[in-house]
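Here is the structure we will look at, set down as structure tokens.
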2 protein chains.
Amino acid sequence: MGRWAPDARGRLERAALELFVEQGYTATTVPQIAERAGLTTRTFFRHFADKREVFFDGDAIPQAARRLLEQAPADVDPLALLRHGLRQVGVERFDGRREEVRRRREIILAEPALRERDAQKRDDLVRVLRPGLLARGVDPLGAALLAETSVAVLHVALETWLADPEERVFGDVTDACFHRLLMTSAPV
Amino acid sequence: MGRWAPDARGRLERAALELFVEQGYTATTVPQIAERAGLTTRTFFRHFADKREVFFDGDAIPQAARRLLEQAPADVDPLALLRHGLRQVGVERFDGRREEVRRRREIILAEPALRERDAQKRDDLVRVLRPGLLARGVDPLGAALLAETSVAVLHVALETWLADPEERVFGDVTDACFHRLLMTSAPV
DNA sequence: GTCTATATCGCGATAGAC
DNA sequence: GTCTATCGCGATATAGAC
């Protein structure tokens with residue numbers, strides 16, 4: 001145990017989430033979050049670039065995606081790799097936590113500032129996937145389209161999964177989306 | 001002529017673009033923009049919700065999309081309608097203005113705050129396309145995927161079109177993207 | 001950690017347009 | 001008169017500089 005209470009970052013995240021639920025995003029100020037976490041405003045901004053970032057898990061997903069694309073054997077089919085990656089995201093972040101994920105999503109969708117950051121996070125992922133696919137031999141146009149498509153599938157699948165009465169595993173929903181989108185010649 | 005010089009909004013937009021080019025986005029303050037346009041800071045915020053918005057054309061594209069989806073004859077195939085819509089966007093905003101569009105894009109890509117807003121604008125379009133497609137009889141999952149796909153194609157096609165040595169018409173690039181994405185059973 | 005700039009927005013007043 | 005666009009003042013929170 002050091003001089004400070006541990007897990008400052010986690011405490012800030014939890015304090016922020018609590019306050020957002022209690023008062024809404026806009027009404028919650030950074031000093032309030034810091035106070036509830038027993039820290040100073042300055043410390044908040046050392047951990048998060050801005051108030052919105054406390055709501056997102058940094059670069060975790062893009063970094064995992066980069067690792068996956070770099071480390072998977074070169075002979076694995078890119079589309080299969082992406083499907084596996086999305087299933088992995090589900091296992092690590094979604095499956096078995098529907099209510100938690102749903103609550104978080106609702107807060108994001110209700111707040112334009114958070115929707116905006118969410119959209120940016122998706123774009124960040126596209127920008128990691130694209131060069132990763134290129135490095136695996138996919139041509140530039142195909143890599144761009146496949147990167148965008150995968151993130152779109154992640155997005156649509158998340159929403160579908162949250163509303164799914166059958167409570168499927170997330171990876172099954174992403175697979176269904178990919179299938180619907182790519183395996184049909186008349187997808188409409 | 002009224003009491004005020006006309007086109008306050010346009011003057012603010014032009015002043016902002018000039019200053020962004022001269023000094024960069026961050027170094028440019030709202031008071032500077034307002035001053036160059038001969039208006040006050042307060043007036044700037046009456047026309048634009050925030051500093052970023054001065055760089056984007058409001059809801060123009062989503063509104064045009066909504067109109068298209070609502071007014072086209074019911075028997076037009078949704079995918080064909082989307083392809084037509086994207087071609088229209090090209091005709092109205094891109095074709096023949098490559099350099100202007102390129103300059104704008106470069107500023108956006110260089111500035112995280114603008115990239116974020118750009119991502120949000122794309123999401124806004126998705127959120128208009130989706131119910132529009134539903135109203136045209138596309139099933140929910142198909143509408144969600146097709147909406148996301150169309151916006152992804154718009155995005156990828158814009159980049160491709162900007163780099164295209166053949167200087168194709170924008171609509172031809174979007175068609176090529178759609179074809180690549182949807183008409184192939186093994187798109188990778 | 002402290003200090004400060006500046007983005008953002010609420011309120012009341014004003015000046016023509018209709 | 002009523003409506004709309006603008007102005008001026010002031011308050012507050014974010015975010016970055018020192």
Side-chain angles (χ1 to χ4, degrees), chain A residues 2-5 8-9 11-13 15-56 58-59 107-108 110-121 124, chain B residues 1-56 58-59 107-108 110-121:
Chain A
R3 173 160 150 215
W4 297 284
R9 189 187 178 91
R11 267 157 46 220
L12 285 166
E13 283 170 358
L17 186 52
E18 285 170 27
L19 285 163
F20 292 169
V21 169
E22 290 170 23
Q23 326 175 330
Y25 173 83
T26 316
T28 302
T29 70
V30 173
Q32 280 173 354
I33 299 169
E35 191 193 348
R36 183 168 296 199
L39 297 164
T40 68
T41 301
R42 185 67 181 80
T43 303
F44 178 95
F45 282 109
R46 250 195 287 279
H47 284 277
F48 304 100
D50 56 43
K51 186 174 148 189
R52 302 167 199 183
E53 274 296 311
V54 75
F55 213 81
F56 297 90
D59 273 352
I107 297 177
I108 291 175
E111 184 58 47
L114 294 176
R115 285 215 297 118
E116 183 171 41
R117 180 57 50 89
D118 189 60
Q120 158 121 64
K121 293 289 180 187
D124 288 344
Chain B
M1 288 284 291
R3 171 176 166 214
W4 299 286
D7 195 22
R9 188 187 178 90
R11 265 155 51 218
L12 285 166
E13 283 171 358
R14 284 186 292 278
L17 186 52
E18 284 171 26
L19 285 163
F20 291 169
V21 169
E22 290 169 23
Q23 326 175 328
Y25 172 83
T26 315
T28 302
T29 69
V30 174
Q32 281 173 354
I33 299 169
E35 191 194 349
R36 184 168 295 199
L39 297 164
T40 67
T41 301
R42 194 67 190 79
T43 301
F44 177 95
F45 283 108
R46 220 169 273 104
H47 285 279
F48 304 100
D50 55 44
K51 187 175 146 187
R52 301 169 201 181
E53 273 296 311
V54 77
F55 212 81
F56 296 89
D59 273 353
I107 297 176
I108 291 174
E111 184 58 47
L114 294 176
R115 285 215 297 118
E116 185 171 39
R117 180 57 49 88
D118 189 60
Q120 157 121 67
K121 294 288 180 189

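Keep in mind that this is a model prediction, so the values were computed, not measured. The chains referred to below are lettered A, B, ... by the order of the sequence lines, with proteins before strands, and numbering in each begins at 1.
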For the backbone of B:Glu53 and the side chain of B:Asp50, can you confirm whether one donor and one acceptor N or O come within less than 3.5 Å of each other?
yes
A quick test of your reading: do over 12 heavy atoms of other residues, nucleotides or ligands sit less than 6.0 Å from CD of A:Gln32?
yes
Rounded to whole angstrom units, what separation is found between the CG atom of B:Leu19 and the C1' atom of C:dT6?
16 Å
Choosing from C:dT8, D:dT6, D:dT14, which nucleotide comes nearest the side chain of B:Phe45?
C:dT8
Does A:Asp124 pair with B:Arg115 as a salt bridge, N-O distance under 4.0 Å?
yes
What is the distance from CZ of A:Phe44 to C1' of C:dT2, rounded to the nearest Å?
19 Å
Quick one: do B:Glu18 and B:Arg14 make a salt bridge, cutoff under 4.0 Å?
no
Can you measure A:Leu114 atom CG to D:dT14 atom C1' for me and round it to whole angstrom units?
15 Å
In whole Å, I'd like the distance from the CZ atom of B:Phe48 to the P atom of D:dA5.
14 Å
Look at the side chain of A:Arg42 against the base of D:dG16 and say whether a donor-acceptor pair falls under 3.5 Å; ignore hydrogens and angles.
no
Below 4.0 angstrom from OP1 or OP2 of D:dA13, is there any side-chain N or O of A:Thr29?
no
Does the pair A:Leu39 and A:Phe44 meet the rule for a side chain to side chain contact (heavy atoms under 4.5 Å, CB included), with working shown?
CA-CA 7 Å; A:Leu39 297 164; A:Phe44 178 95; over 6 Å; no
Would you mind telling me which of D:dC7, C:dA7, D:dT14 lies closest to the side-chain atoms of B:Leu39?
D:dC7
Is the phosphate of D:dG8, meaning OP1 or OP2, less than 4.0 Å from a side-chain N or O of B:Thr40?
no
May I have the distance from A:Leu12 (atom CG) to D:dT14 (atom P), rounded to whole angstrom?
13 Å
Look at B:His47 and D:dA5 and indicate whether a side-chain polar atom (N or O) is within less than 4.0 Å of OP1 or OP2.
no
To the nearest angstrom, the CZ-P distance between A:Arg46 and D:dC18 comes to 17 Å
Could you state the atom-to-atom distance from NZ of A:Lys51 to C1' of D:dA13 in whole Å?
8 Å
Whole-Å distance separating the CG atom of B:Asp50 from the P atom of D:dA13
19 Å
